[in-house]
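Naming: A, B, ... by sequence-line order, numbering from 1 per chain.
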Amino acid sequence: METFTEKAVAIIKNIPAGRVMTYGQISKLAGSPRGARQVVRILHSMSKKHQLPWHRVVNIKGEIGLKDDEHFSIQKLSLEREGVEFFSSGRIDLSRFQFFPEQEE
DNA sequence: ACCCTGACCGCGT
DNA sequence: AACGCGGCCAGGG
């Protein structure tokens, strides 16, 4: 991997089931502390072609950012099936489920 | 080849 | 607490 995009894609593909990462976290690890938006772009375009676990990416608040109800449900159900628990507010407990590549679990 | 867009984040009003 | 804005990047029309 060399480019920001390639790094980001590699990181996303490296997220284990039952864990989540935030946009900002991914962009930072990929070399751009402020490039969270690029991760959004990558999820949109790359997830179609490549098979990325886009449902394991959430915003820094631990919530699903999608506005589309159907896709929102798909993501939430996918995560719950992997063992990720949500608060009634719809947020994820990042202190328990956020994944840090550095620790390599 | 240019321009718009996008599921964000953090900081300053 | 809410809102606005700038930063970062590249795919697709």
Within this structure, what is the [atom1]-to-[atom2] distance between [X] and [N], rounded to whole angstrom?
X: A/Glu2; N: C/dC9; atom1: CD; atom2: C1'; result: 17 Å
X: A/Met46; N: C/dA10; atom1: CE; atom2: P; result: 11 Å
X: A/His50; N: C/dA10; atom1: NE2; atom2: P; result: 14 Å
X: A/Leu43; N: B/dT5; atom1: CG; atom2: P; result: 20 Å
X: A/Glu6; N: C/dG11; atom1: CD; atom2: P; result: 10 Å
X: A/Arg37; N: C/dG7; atom1: CZ; atom2: C1'; result: 8 Å
X: A/Gln38; N: C/dG12; atom1: CD; atom2: C1'; result: 16 Å
X: A/Lys28; N: C/dC9; atom1: NZ; atom2: P; result: 16 Å

Nearest 0.5 Å please: distance from the [atom1] atom of [X] over to the [atom2] atom of [Y].
X: A/Ile92; Y: A/Thr22; atom1: CD1; atom2: OG1; answer: 11.0 Å
X: A/Arg37; Y: A/Ser32; atom1: CZ; atom2: OG; answer: 12.5 Å
X: A/Asn59; Y: A/Arg91; atom1: CG; atom2: CZ; answer: 9.0 Å

Have a look at A/Lys49 and say if it touches a base, only the backbone sugar-phosphate, or nothing, with a 4.0 Å heavy-atom cut-off.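 The answer is sugar-phosphate, as A/Lys49 gets under 4.0 Å only of primed atoms, P, OP1 or OP2.
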For DNA chain C, stems built from three or more consecutive Watson-Crick or G-U wobble pairs below 3.5 Å: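 Output for stems: B:2-6 with C:9-13, B:8-13 with C:2-7.
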Is the backbone of [Y] close enough, under 3.5 Å, to the side chain of [X] for a donor and an acceptor to pair up by distance?
X: A/Glu85; Y: A/Phe97; answer: no
X: A/Gln25; Y: A/Phe99; answer: yes
X: A/Gln75; Y: A/His71; answer: no

SB check A/Arg56 A/Glu82 (cutoff 4.0 Å):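 A salt bridge links A/Arg56 with A/Glu82.
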Identify the pairs formed between an N or O of the protein and an N or O of nucleotides 9-13 of chain B at a distance under 3.5 Å, and give each distance.
| from | atom 1 | to | atom 2 | distance (Å) |
| --- | --- | --- | --- | --- |
| B/dC9 | OP1 | A/Ile60 | N | 2.6 |
| B/dC9 | OP2 | A/Ile60 | N | 3.4 |

Quick one: closest heavy-atom pair of [X] and [Y], and the distance?
X: A/Arg19; Y: A/Val84; answer: N-CG2, 4.3 Å
X: A/Gly35; Y: A/Phe4; answer: O-CZ, 3.9 Å
X: A/Ala8; Y: A/Ala30; answer: N-CB, 3.8 Å

For C/dC9, take OP1 and OP2 only and decide whether either is under 4.0 Å from a side-chain N or O of A/Ser32.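 Looking at the OP1 and OP2 atoms of C/dC9, one of them is under 4.0 Å from a side-chain N or O of A/Ser32.
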Are A/Lys76 and A/Phe86 in a cation-pi contact, defined as NZ or CZ under 6.0 Å from the six-membered ring centre and within 45° of the axis?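 Positive - A/Lys76 is close enough to the ring of A/Phe86 and near enough to its axis.
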Residues within residues 65-75 of chain A bordering DNA chain B, heavy-atom distance below 4.0 Å: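 Heavy-atom contacts with DNA chain B come from A/Gly65, A/Leu66.
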